[in-house]
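We count residues from 1, following the sequence as given. All heavy atoms count here, side chains included; hydrogens, waters and symmetry mates do not.
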Amino acid sequence: MLISILIIVGIGCLVGYLAGIIMGTSGSLLTNLIVGIVGSFIGNFLGGILGASGGILGFACNVLGACVLIFIIRQLKL
């Protein structure tokens, strides 16, 4: 259980970091973690609609979801 949580946190940080690079933002580790985890939920939803889940394609959907989240935050000016 603890290992699973650490893996999710690690992947969330990586997803948030990559989305920040793609979208041209810089954030703290905590910001990247939050954006990565919430963005991963968005990405999994989008991936489910498109039929892409798991593996590299699923990871790409998670990064896309984090980019969508950053875009939404920018539009709301939060």
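- Ile73 contributes atom CD1, which lies 9.5 Å from atom CD1 of Ile34 (distance to the nearest 0.5 angstrom).
- The CG atom of Asn44 sits 8.0 Å away from the SG atom of Cys61 when rounded to the nearest 0.5 Å.
- Within the model, atoms CG of Leu57 and CG of Asn62 stand 10.0 Å from one another, a figure rounded to the nearest 0.5 Å.
- Between Leu33 and Tyr17, every side-chain heavy-atom pair lies at or beyond the 4.5 Å cut-off.
- Distance check, rounded to the nearest 0.5 Å: OG of Ser40 to CG of Leu69 gives 10.0 Å.
- To the nearest 0.5 Å, atom CG of residue Leu64 and atom CD1 of residue Ile22 are 8.5 Å apart.
- For the pair Phe59 and Leu14, the minimum side-chain heavy-atom distance is below 4.5 Å.
- With rounding to the nearest 0.5 angstrom, the CG atom of Leu50 is 10.0 Å from the CZ atom of Phe45.
- For Leu6, the CG atom counts as densely surrounded, since its 6.0 Å shell holds more than 12 non-hydrogen atoms of other residues, nucleotides or ligands.
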Quick one: do Ser28 and Thr31 satisfy side chain to side chain contact (heavy atoms under 4.5 Å, CB included)? Show the steps, please.
CA-CA 5 Å; Ser28 67; Thr31 303; 3.1 Å; yes
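- Ala66 approaches Val35 most closely through the heavy-atom pair CB-O, 3.9 Å.
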